[in-house]
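See structure below.
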Amino acid sequence: MKKSRPPGIRPYDHPAGGWDALKAVAKTLARQQIVAQGSRTLLKANQPEGFDCPGCAWPDPKHTSSFEFCENGAKAITWESTAKRTDASFFSNHTVSELWEWTDHELEDAGRLTLPLRYNPVVDQYEPIDWDEAFGLIASGLNKLGPPDQAEFYTSGRTSNEAAFLYQLFVRAYGTNNFPDCSNMCHEATSVGLPKSIGVGKGTITLEDFDHADAIFSFGHNPGTNHPRMMTTLHQAARRGVPIIVFNPLKERALERFAAPQDPLEMVTMSSTPIASAYHQVRVGGDLAALKGLMKAVFELDAASLAAGGDGVLDRPFIDEHTSGFDDLRVDLEATGWEKLVAASGLTKQAIVSAAGVYANAERVIVCYGMGITQHARGTSNVQQIANLLMLRGNIGRQGAGIAPIRGHSNVQGDPTVGITEVPNKALLDGMERAFGFRPPSKKGHNAIEAVEAAIDGRAKALICLGGNLAVAMSDQQATFAGMRNLDLSVHIATKLNRSHLLTARTTLVLPCLGRTDLDLQASGPQSVTVEDSMSMVHASRGFLNPPGESVRSEPAIIAGIAKATLGDRHGIDWDEMIANYDLIRDKIEEVFPQFSEFNTRVRIPGGFRLDVAASFRRWNTPDGKANFLTCPELFEDSLSADEDVLMLTTIRSHGQYNTTIYGLDDRYRGVFGRRDVVFMNTEDLADRGLKDGDRIDVLGLIGGPDDKHLVSGFTAVTYDIPRGSIAGYYPEMNVVMSLHHYDRQSGTPSYKGVPVRVTAAAS
Ligand SMILES: Nc1nc2c(c(=O)[nH]1)N[C@H]1C(S)=C(S)[C@@H](COP(=O)(O)OP(=O)(O)OC[C@H]3O[C@@H](n4cnc5c(=O)[nH]c(N)nc54)[C@H](O)[C@@H]3O)O[C@H]1N2
Ligand SMILES: Nc1nc2c(c(=O)[nH]1)N[C@H]1C(S)=C(S)[C@@H](COP(=O)(O)OP(=O)(O)OC[C@H]3O[C@@H](n4cnc5c(=O)[nH]c(N)nc54)[C@H](O)[C@@H]3O)O[C@H]1N2
Ligand SMILES: [Mo]
């Protein structure tokens with residue numbers, strides 16, 4: 001007898017991609033009312049003369065290739081180039097209290113922002129305001145603060161290099177390093193962890209390396225949804241017979257099998273290609289143990305090979321010449337028994353040993369990873385164990401091998417490269433002094449968590465957000481919301497309305513900006529901006545659509561307007577000149593950061609250029625000039641996760657969202673339709689609690705207080721193929737269960753993917 005499933009739960013048995021992906025795009029185009037211009041827009045994505053897709057940071061094949069179909073890229077583009085508008089009448093028809101009751105989906109679906117707005121508390125509405133008046137209010141708000149450290153300057157990762165660079169110039173000239181940014185919630189564990197390991201906080205491979213890899217390992221990322229263009233690469237590798245070994249608690253469909261929309265044969269025959277050659281369902285938070293197990297098994301294979309008179313499997317010349325810390329790693333692995341590794345990873349010893357066999361047999365290995373690795377209380381250590389694993393066989397700094405952090409936002413890697421960082425190094429400070437004749441402050445500023453903490457306890461009085469939706473993206477929404485409401489001045493530079501904008505301060509402004517697809521016309525003509533992808537390639541992006549309204553300005557122009565009003569002619573910076581022609585901004589970027597030499601020339605070459613990643617050439621910019629093996633003795637994320645009654649919650653993205661932007665309520669590949677109020681659980685974990693598929697449950701976060709402040713109630717439990725002890729729910733709905741103080745102590749990354757929780761039947 002077939003069991004009936006909860007409403008909206010219908011297991012999906014097609015491969016990822018295929019015709020359903022094409023259908024989904026057609027539906028999105030229609031919903032955003034852009035059928036006519038939509039297809040034209042999509043064809044310009046990631047083309048040499050077109051714009052960079054705002055969907056993700058996956059690189060483009062040589063940037064001159066033909067159109068690459070990507071379902072979620074298409075959603076990101078149509079969502080931005082929608083014909084819907086929020087104009088003056090929209091805001092006079094809806095109070096902020098009323099909008100607060102709308103869902104996140106409804107808020108953004110209302111359309112593009114078209115006018116600068118100021119919140120009027122008397123009528124509880126946003127009202128149009130002149131640009132100059134807006135800039136004046138911001139300037140007086142910032143200039144009446146005590147020390148400049150009372151202001152926080154957030155950046156989300158869609159911001160171009162040019163806008164980010166001007167922003168950091170303005171903020172440093174104003175006098176602070178308070179640069180919370182979305183990267184703090186994302187790949188900060190990479191940016192902090194890898195410099196200590198290999199001397200650079202970026203990936204070491206290029207896209208071409210995949211053509212030469214003999215094995216690919218994938219930890220904690222979901223490319224079918226979040227980096228769909230990566231599926232072209234994985235599809236090609238799988239067809240070449242390259243083993244792809246996946247470590248992920250959830251069986252993500254695209255990693256199981258994929259039908260490439262660009263492959264006519266697969267589309268016509270409705271066939272697909274298996275992607276993963278082995279799929280290891282590691283426990284949530286079990287990667288540290290899995291990685292140490294892999295390394296322990298490599299050591300054992302090495303010993304066995306040597307005992308049999310072979311050469312061993314370690315790359316001894318590489319280890320001797322290029323690394324330090326090898327003996328410490330060996331001691332750490334010897335001290336950790338298999339029993340513990342098996343328990344903490346949730347994998348059998350056999351599974352780990354077999355994956356290690358694939359690793360040791362491959363001449364060239366790439367390890368890719370995403371948020372499943374970084375968003376943990378030990379995220380930095382996770383990243384460093386991946387580097388260790390690669391270093392054991394010299395898999396860094398040669399063709400077909402290396403480490404591949406898969407970045408999120410389309411320019412999240414570029415923003416820190418051009419100065420968005422709360423910890424400026426000497427080179428940055430020297431560069432700024434050289435180019436602008438003033439020495440910026442060197443004192444460490446706030447990251448995202450510290451900025452929110454400062455808002456909560458009143459140390460921060462002003463917050464300027466260059467994009468994003470900080471309040472909803474951050475852990476502990478109750479605390480974060482209260483902090484944002486506590487401010488004197490809040491300014492949001494945005495394309496669309498979101499919940500952060502409704503958390504009004506004493507003075508609150510929303511400033512409408514152009515997106516990637518929009519034509520950016522300045523005094524010297526149409527402008528291009530630049531972005532850096534996950535593989536350190538910098539290239540140009542130029543939009544071509546008519547802006548959503550006459551008043552909408554570019555991000556650089558808005559920053560320049562704020563800077564001029566706030567700083568006057570301090571330091572003699574000519575803001576107008578740079579806005580008239582973005583080449584002049586790029587000249588300054590080059591002056592501050594020598595790796596951008598001949599920036600304006602090189603960025604005009606189709607496909608752009610690659611920034612120097614020293615570790616790709618086996619130059620190690622670490623204090624001892626070597627690649628460092630770094631150990632982490634603790635296996636569990638925290639003491640609670642060893643408690644049997646405690647489940648580890650991970651928070652994931654559905655197929656129908658872009659971070660806090662909810663395109664729709666379906667998560668097709670996971671078989672969820674029309675809802676997001678579900679929690680994926682193992683049948684036995686449910687049974688242990690007297691629960692079953694479809695029951696309504698409460699989920700209580702256990703860190704950050706004994707009361708029920710971190711409670712999500714009345715969600716529906718859905719039985720799912722997930723390891724015992726692990727549960728999964730959607731970001732951002734589940735952010736409420738997280739304490740603001742639960743984060744990786746090394747990088748500040750919130751532990752979004754390792755939250756100890758207790759699950760019970762719903763109280764009401
Ligand atoms: N369409 C779309 N594209 C996007 C985004 C989007 O929201 N929508 N967001 C962009 C951004 S900013 C980012 S950072 C990236 C995010 O891209 P991903 O890194 O793919 O992000 P997530 O969906 O959060 O989770 C990734 C995977 O980690 C697995 N996972 C969860 N916990 C663990 C764990 O403990 N261990 C392991 N090994 N795996 C685990 C989940 O099952 C999931 O498959 O995508 C970018 N691209
Ligand atoms: N529980 C949980 N929480 C998470 C995560 C998780 O996996 N689990 N992931 C974290 C990660 S990886 C990230 S990166 C953060 C994301 O945090 P953010 O980057 O702050 O959030 P987004 O949802 O990407 O921001 C969406 C808003 O950006 C604005 N926007 C869109 N395009 C543009 C543009 O071109 N210019 C400007 N100025 N504004 C624009 C729109 O107003 C839109 O509402 O969330 C983090 N939060
Ligand atoms: Mo991200």
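Just so you know, ligand 1 is whichever comes first in the structure, and atom 1 is the first atom listed for that ligand. Numbers for residues simply follow the sequence, beginning at 1.
- Residue G468 places at least one N or O, backbone or side chain, under 3.5 Å from an N or O of ligand 2.
- Within the listing of ligand 2, atoms 36 (N), 37 (C), 38 (N) sit less than 4.0 angstrom from a heavy atom of C513.
- At a heavy-atom distance under 4.0 Å, atoms from both the backbone and the side chain of T660 approach ligand 2.
- Annotation: E80 places no N or O atom under 3.5 Å from an N or O atom of ligand 2; distance criterion only.
- Considering each of N226, L291, I662, the one bringing a non-hydrogen atom nearest atom 23 (O) of ligand 1 is N226.
- Protein heavy atom nearest atom 14 (S) of ligand 1, with residue, atom name and distance: C186 SG, 3.1 Å.
- At the shortest separation from atom 10 (C) of ligand 1 among protein heavy atoms lies Y658 OH, 3.5 Å.
- Considering backbone and side-chain atoms alike, N659 places an N or O below 3.5 Å from some N or O of ligand 2.
- Residue, atom and distance of the protein heavy atom nearest to atom 31 (C) of ligand 2 are T495 OG1, 3.2 Å.
- Across H409, H187, R653, heavy-atom proximity to atom 13 (C) of ligand 2 is greatest for R653.
- Every side chain to side chain contact (heavy atoms under 4.5 Å, CB included) that T495 has, sequence neighbours left out, goes to R112, C513.
- Ligand 2 has a nitrogen or oxygen under 3.5 angstrom from a nitrogen or oxygen of I493.
- Residue contacts with ligand 2: R516 is excluded, as none of its non-hydrogen atoms falls under 4.0 Å.
- Atoms of ligand 1 found under 4.0 Å from any heavy atom of M371 (numbered from 1 in listed order, with element): 14 (S), 16 (C), 19 (O), 21 (O), 24 (O).
- Heavy-atom contacts of N498 reach the following atoms of ligand 2: 27 (C), 42 (O), 43 (C), 44 (O) (cutoff under 4.0 Å).
- Scored by the side chain to side chain contact (heavy atoms under 4.5 Å, CB included) test, R542 finds P526, S528 as partners (sequence neighbours excluded).
- Ligand 2 has an N or O atom lying under 3.5 Å from an N or O atom of Q375, backbone or side chain.
- Among the atoms of A473, some N or O lies under 3.5 angstrom from an N or O of ligand 2.
- Ranked by closest heavy atom to atom 35 (O) of ligand 1, the top entry among A76, P405, G285 is G285.
- Near S156, meaning under 4.0 Å from one of its heavy atoms, ligand 2 places the atoms 18 (P), 19 (O).
- Contacts between H492 and ligand 2, counted as non-hydrogen atom pairs separated by less than 4.0 Å, are absent for every part of the residue.
- The distance from ligand 2 to the heavy atoms of G467 drops below 4.0 Å at these ligand atoms: 37 (C), 38 (N), 39 (N).
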